[in-house]
Undergrad: 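Please read through the structure below; I'll follow up with questions.
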Amino acid sequence: MMEFASGMGANLMIGIETALSPTNLLYCFLGVFLGTLVGVLPGIGALAAISMLFPLTFYLEPTTALIMLAGIWYGASYGGSTAAILLNLPGTPSSAITCLDGYPMAKNGRAGVALMMTTLASFFGGSVAIAMMMLFSPIIAHYALQFGSPEYFALMLLGLVAASSISVGSPVKSMAAIVIGILLGTIGIDIYTGGNRYTFGILPLSDGLSLVALAMGLFGVAEVISSVRTLGNDYRPKPRITLRSMIPTRDDLKRSIMPASRGSMVGVLFGALPGTGPTIASFMAYALEKRFSREPERFGKGAIEGVVAPESANNAADQAAFIPTMTLGIPGSATMAIMLGALLIQGITPGPALITQRPDIFWGLVMSFWIGNLLLVIINVPLIGIWVRLLTIPYHLLFPAVLMFVCIGVFSVNLSVFDVWVVLIFGAVGYAMRIVGMPTAPLILGFVLGPMMEEHFRRAMILSRGDITTFITGPINGFLMSVTCLLLFWSIYAELRTGNRKKIGRD
Amino acid sequence: MNRLGSADFVLGLVLVAFGLWVAGYAYANYNLGTVRNMGPGMFPMWLGLILAGLGLLIFTKGLRTSGYAEPLDLRTSISVLAGVAGFALTLDRFGLVPAIFVLTILSSFASNRLTLTYALLLASVLAAMAYGVFGLLLGLQVQAFRWRP
């Protein structure tokens, strides 16, 4: 126990040292600021925001890049709530639930309080998640170090299957999207044999498709195409928020403690699991609060609990999503896949070894979460006026700007016009996927995980000399595989019986 | 276009065709190797078959259902995609600033409210922003104007 405490102390020192370096502080601030800015703007979700700002991180050190990306991530999540409360328009999918009680609060003249409580609830939720991450990550990594290739393959397979079964949208279509993503990942030179796969003589393809181009096309361009019609013709009212109107009453605070706590727990759970994320966490937290409330009729009319619970849940989930990504190297959502991709591009492989080999990256990141969440609170109180003004920018002026950032951004990565064409093609593909109801997020998951899965599969086969049962032998594998099969059969069965579930989430 | 046929029907067919093509291509062109010593073709081939299988499931579902998840907005999609294509074609030949103008003007057709004058204005602002952010701040090596048709 003492050893654990002193070990943790050393880790914290490394982390704080790294997180407080001027560069990292600056980019943390920049990330949170830019993230909130983009998150506030409707029509641009957190995923599109990360895709757009992703190329900026290439110029940075791995730790700094990750800190900035993370800042963008939870910043954008937070920014989305602002639009949800003020305009009944969620800026990000995870803020959709906040509309339910946030907008009525705004109509009752309590917008300022709603925004303030959102900030505080998010900070609370994030803190709980970070504490969990600090406590459990070393333990998880310690056990995971005993994993071999068969275990990794089984774990990744489970992650992918879980991602398609548990998240919203048709499970079978999600699985198809994942497979397509994996196939897209095979394009390029095969590391084992040195031959080209599916490149058709096109030279730029030998390096494979660019993750940035893929993400920008699927999430940036496709989202713009979908949004122009719906958002392009809106009129925006101009709400006015003063600093004084933001102060909550004692009653508000008293009513918020338990929902925030429950929300945080829900958030950590759904954030860490693959396939689920802030959106489902916020829905669940809201449903839970309503079910266990002594006055359920208050919900939907401006109950502070209905804002605090989902907001702490979604921020907790945002942070907790990093746990499997950093400790196991297995991203549970498209955003985490992009984070993983960012690290891989920088030459760093997240996983159990990361904590021991590069503690500065891991603990620096964890500590930066604290700082980032704190910055969220500090920045957003005075800047609320700016965000409100931003909301009045009409979308028809915004979307060309988004397209421009996407085009230049993706070009700047490799100075390659080919990548812009990739964006074009996948913009079309992404839009087509939306039309037929195929979720796009799993495709990115498959794309990032696919090559790793193939490598582990091949290695496992070499080690076991072609014995497929290596994936079922051993307690870990047996467990993982059985859960995988269960999920598979359950989701195929469920799909064939009922219809598709309507909403398509993009965590 | 919106009410014709079923999304799943079309999607299923496309996936089956695509999956079979991927698998067939791998089988015909790449060394499959053995399970013990897998060649480049093994993984893609099986993935292609799995995809075709999933496509079949979706297709059978499509025989019973109808409708699409989202309506096809031809004008918006073509405008936006044309804008990006225009950017790609213009960037190398005429430089960044013309490329931004082409992008903005072509994609402006997606929105009723973005008229030509506003589009030109917006393009100028965006070009200035691009120069500031990407040129000065990040030091991106792209020429603002060029002549290489």
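Proteins get letters first, then strands, A, B, ... in listed order; numbering begins at 1 in each.
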Undergrad: Who wins among Leu183(A), Ile180(A), Asp419(A), Ile178(A) for the most heavy-atom pairs under 4.5 Å with chain B?
TA: Leu183(A)
Undergrad: Mind telling me whether Phe153(A) and Phe457(A) have parallel, tilted or perpendicular rings, with 30° and 60° as the class edges?
TA: tilted
Undergrad: Can you measure from CG (Leu218(A)) to OH (Tyr431(A)) and round to the nearest 0.5 angstrom?
TA: 15.0 Å
Undergrad: Where on Leu126(B) is there a heavy atom nearer than 4.5 Å to chain A: the side chain, the backbone, both, or neither?
TA: both
Undergrad: Would you confirm whether the ring centroid of Phe101(B) sits within less than 6.0 angstrom of the ring centroid of Phe94(B)?
TA: no
Undergrad: Heavy-atom distances under 4.5 Å only: say whether Leu415(A) touches chain B with side chain, backbone, both or neither.
TA: side chain
Undergrad: Which one of Ala428(A), Gly409(A), Ala176(A), Cys407(A) has the most heavy-atom pairs closer than 4.5 Å to chain B?
TA: Cys407(A)
Undergrad: Heavy-atom pairs under 4.5 Å with chain B: which of Val406(A), Leu463(A), Leu397(A) has the most?
TA: Leu397(A)
Undergrad: Which atoms of Leu81(B) come close to chain A, meaning under 4.5 Å heavy atom to heavy atom: side chain ones, backbone ones, both, or neither?
TA: both
Undergrad: Which residue out of Ile225(A), Val423(A), Val417(A) racks up the most heavy-atom pairs below 4.5 Å with chain B?
TA: Ile225(A)
Undergrad: Tell me, side chain or backbone of Ala26(B) under 4.5 Å from chain A's heavy atoms, or both, or neither?
TA: both
Undergrad: Which one wins on heavy-atom pair count under 4.5 Å against chain A: Ala88(B), Ala123(B), Gly53(B), Ala110(B)?
TA: Ala88(B)
Undergrad: My understanding is that only residues two or more places apart in sequence, or in another chain, count here; which of them pass side-chain contact (heavy atoms from CB on, under 4.5 Å) with Ile187(A)?
TA: Leu184(A), Tyr198(A), Thr199(A), Leu205(A), Leu209(A)
Undergrad: Rounded to the nearest 0.5 Å, how far apart are CG of Leu445(A) and CD1 of Ile182(A)?
TA: 9.5 Å
Undergrad: Would you say Leu160(A) and Met453(A) make side-chain contact, with heavy atoms under 4.5 Å?
TA: yes
Undergrad: Looking at Leu403(A), Ile462(A), Ile425(A), Thr186(A), which makes the most heavy-atom pairs under 4.5 Å with chain B?
TA: Leu403(A)
Undergrad: So which residue, Leu89(B), Thr104(B), Leu51(B), ends up with the most heavy-atom pairs under 4.5 Å with chain A?
TA: Leu51(B)
Undergrad: Tell me, for Leu47(B) versus chain A, whether the close heavy atoms (under 4.5 Å) come from the side chain, the backbone, both or neither.
TA: both
Undergrad: For the pair Arg197(A) (side chain) and Pro40(B) (backbone), establish whether a donor and an acceptor sit closer than 3.5 Å, ignoring hydrogens and angles.
TA: yes
Undergrad: Out of Val420(A), Asn196(A), Leu424(A), Asp190(A), which one racks up the most heavy-atom pairs below 4.5 Å with chain B?
TA: Leu424(A)
Undergrad: May I ask you to check whether Tyr30(B) and Tyr25(B) place their ring centres under 6.0 Å from each other?
TA: yes
Undergrad: Between His396(A) and Ser111(B), is there a side-chain donor-acceptor contact under 3.5 Å, judged purely by atom types and distance?
TA: no
